[in-house]
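Remarks on the structure that follows.
To find a chain, count down the sequence lines: A is the first, B the second, and so on, and within it residues start at 1. Reckoned from all heavy atoms, side chains included, excluding hydrogens, waters and symmetry mates. Bear in mind that the values here come from a model prediction, so they are computed numbers and not experimental data.
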Amino acid sequence: MRRLRRSFLTRDSHVVAPELLNKLLVAGPCVGRIVEVEAYDSTDPASHTFRGVTKRNAIMFGRAGHLYVYFTYGMHHCANVVTGRVGDGQAVLLRAVTPMSGLDVMAARRGRTLHLADGPGKLCQAFGLDLSANGTDLCVGGAIGLYDDGVPPPELPLITPRIGISVGVDTPWRWVASSGT
DNA sequence: GGAACGATCTGC
DNA sequence: CAGATCGTTCCC
């Protein structure tokens, strides 16, 4: 299991996103296989970066391979992997992972044993990702990072419009690792 | 200064 | 299907 190379992420979010499927997200004892992602970039009205740099989205305009965490709905966090080049304002939202290790820790944080990380808010709660993890470099092999265990991305992921947005609703920038065959 | 609104989740 | 709950952003 080797850490992801930064060069792998230094490309357009909608190109990187499907290739992040089946990679591993690690945060302390918690490991999960990425199975659902969405792409955002600064040309996209649904993106936090659409209207330029702000205090919140500054990480998204920074270097690829860093973690962009934001707080929303007054109670949830969402985690993104910054892609592209400095100044681009691109990222891939991690929407769901399949838990692989640290299930006990995830269950304790979630307060249940089912549906541990099958949604962006649930994923962050299970993996303990909050604003203190915002800006973390995921490509240096640290406790929080992205890793590759050799499992390739699915050849035919499900591709759909993105979830939970009110603009840019027709852009098919959501990728799901379909289960089975 | 104030109001509106979320890249969501849960329980009814 | 509506309520929770608060930081960020935008408008006056």
Side-chain angles (χ1 to χ4, degrees), chain A residues 9 11-21 23 25 27 30 32-84 87-99 103 105-136 138 144 146 157-178:
Chain A
L9 298 166
R11 297 174 293 153
D12 286 343
S13 59
H14 63 276
V15 173
V16 173
E19 297 189 28
L20 276 175
L21 293 176
K23 297 294 185 292
L25 172 67
C30 300
R33 191 175 302 285
I34 298 168
V35 293
E36 180 180 347
V37 295
E38 287 178 356
Y40 290 86
D41 75 18
S42 61
T43 69
D44 164 18
S47 173
H48 289 173
T49 54
F50 185 60
R51 289 164 207 283
V53 185
T54 66
K55 187 173 183 180
R56 177 177 66 164
N57 68 21
I59 297 294
M60 249 183 101
F61 282 98
R63 198 172 181 215
H66 290 246
L67 187 68
Y68 169 52
V69 180
Y70 66 89
F71 180 66
T72 190
Y73 290 104
M75 62 187 84
H76 297 296
H77 296 275
C78 292
N80 303 251
V81 178
V82 176
T83 67
D88 283 351
Q90 308 189 29
V92 174
L93 171 67
L94 303 178
R95 288 193 59 90
V97 307
T98 300
L103 291 262
V105 175
M106 297 186 203
R109 286 175 175 151
R110 291 272 301 129
R112 65 207 67 218
T113 55
L114 260 34
H115 300 291
L116 294 177
D118 56 347
K122 302 182 218 178
L123 182 161
C124 281
Q125 188 181 24
F127 281 68
L129 300 176
D130 59 20
L131 291 182
S132 68
N134 189 33
T136 300
L138 301 169
I144 301 177
L146 288 169
L158 177 64
I159 304 175
T160 80
R162 295 165 298 178
I163 301 292
I165 54 176
S166 55
V167 289
V169 294
D170 292 325
T171 308
W173 277 7
R174 173 173 175 254
W175 291 264
V176 183
S178 23

Q: Could you give me the CA-CA distance, side-chain angles and deciding distance for D12(A) and T83(A), then say whether side chain to side chain contact (heavy atoms under 4.5 Å, CB included) is met?
A: CA-CA 6 Å; D12(A) 286 343; T83(A) 67; over 6 Å; no
Q) So what is the 5' to 3' dot-bracket string for DNA chain B, if pairs are Watson-Crick or G-U wobble with both distances under 3.5 Å, crossing pairs use [ ] and | means the partner sits on another strand? A) ||||||.||||.
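- Within 4.0 Å (heavy atoms only), R162(A) reaches no atom of the nucleic acid at all.
- Nearest approach of P99(A) to M106(A), heavy atoms of both residues: CB-SD, 3.8 Å.
- Atom CG in N57(A) sits 9.5 Å away from atom CD1 in I59(A) (nearest 0.5 Å).
- Among the atoms of the strands shown, only primed sugar atoms or phosphate atoms (P, OP1, OP2) are found under 4.0 Å from some heavy atom of I165(A).
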Got a list of side-chain donor-acceptor pairs under 3.5 Å for residues 167-177 of chain A, not counting sequence neighbours?
residue : atom : partner : partner atom : Å
R174(A) : NE   : E36(A)  : OE2          : 2.9
R174(A) : NH1  : T160(A) : OG1          : 3.0
R174(A) : NH2  : E36(A)  : OE2          : 3.1

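- Scanning DNA chain C 5' to 3' for nucleotides with an atom closer than 4.0 angstrom to a non-hydrogen atom of chain A gives a first and last hit of dA4(C) to dC10(C).
- Evaluation of the side-chain hydrogen bond (donor to acceptor under 3.5 Å, both in side chains) test over residues 69-78 of chain A, restricted to residues two or more places apart or in two chains, returns none.
- Side chains of L25(A) and L146(A) form a contact here, defined as non-hydrogen atoms less than 4.5 Å apart.
- Non-hydrogen atoms lying under 4.0 Å from DNA chain C are contributed by nothing in residues 58-65 of chain A.
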Q. Would L9(A) and V82(A) count as a side chain to side chain contact (heavy atoms under 4.5 Å, CB included) if you check the C-alpha gap in whole Å, the side-chain angles of each, and the deciding distance to 0.1 Å?
A. CA-CA 8 Å; L9(A) 298 166; V82(A) 176; over 6 Å; no
For residues 38-48 of chain A, which side-chain donor-acceptor pairs fall under 3.5 Å, sequence neighbours excluded?
residue : atom : partner : partner atom : Å
E38(A)  : OE1  : Y40(A)  : OH           : 2.6
E38(A)  : OE2  : I163(A) : N            : 2.8
D41(A)  : OD1  : T43(A)  : N            : 2.9
D41(A)  : OD1  : T43(A)  : OG1          : 2.7
D41(A)  : OD1  : D44(A)  : N            : 3.4
S42(A)  : OG   : D88(A)  : O            : 3.1
D44(A)  : OD1  : A46(A)  : N            : 2.9
D44(A)  : OD1  : R162(A) : NH2          : 3.1
D44(A)  : OD2  : R162(A) : NH1          : 2.5
D44(A)  : OD2  : R162(A) : NH2          : 3.4
S47(A)  : OG   : D41(A)  : O            : 3.4
S47(A)  : OG   : T49(A)  : N            : 3.1
S47(A)  : OG   : T49(A)  : OG1          : 2.7
H48(A)  : ND1  : Y68(A)  : OH           : 2.8

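- Using a 4.0 Å cutoff to heavy atoms of chain A, the contacted part of DNA chain B runs 5' to 3' from dG6(B) to dG11(B).
- By the side-chain hydrogen bond (donor to acceptor under 3.5 Å, both in side chains) test, R33(A) is found to be paired with D149(A), residues two or more places apart in sequence or in another chain being considered.
- Near-neighbour residues of DNA chain B inside residues 35-43 of chain A, defined by a heavy atom below 4.0 Å, number-ordered: Y40(A).
- N80(A) has its side chain out of reach of L67(A): every pair of non-hydrogen atoms, C-beta onward, lies at least 4.5 Å apart.
- Residues that satisfy the side-chain hydrogen bond (donor to acceptor under 3.5 Å, both in side chains) test with R11(A), not counting sequence neighbours, are E19(A).
- With rounding to the nearest 0.5 angstrom, the CG atom of L138(A) is 8.0 Å from the NE2 atom of H66(A).
- A heavy atom closer than 4.0 Å to some atom of DNA chain C occurs in no member of residues 109-127 of chain A.
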Scan the side chains in residues 113-133 of chain A for donor-acceptor partners under 3.5 Å anywhere in the protein, sequence neighbours excluded, and list what turns up.
residue : atom : partner : partner atom : Å
H115(A) : ND1  : D118(A) : OD2          : 2.6
D118(A) : OD1  : K122(A) : NZ           : 3.0
Q125(A) : OE1  : R110(A) : NH1          : 2.7
Q125(A) : NE2  : R109(A) : O            : 3.3
D130(A) : OD1  : S132(A) : N            : 2.9
D130(A) : OD1  : S132(A) : OG           : 2.5

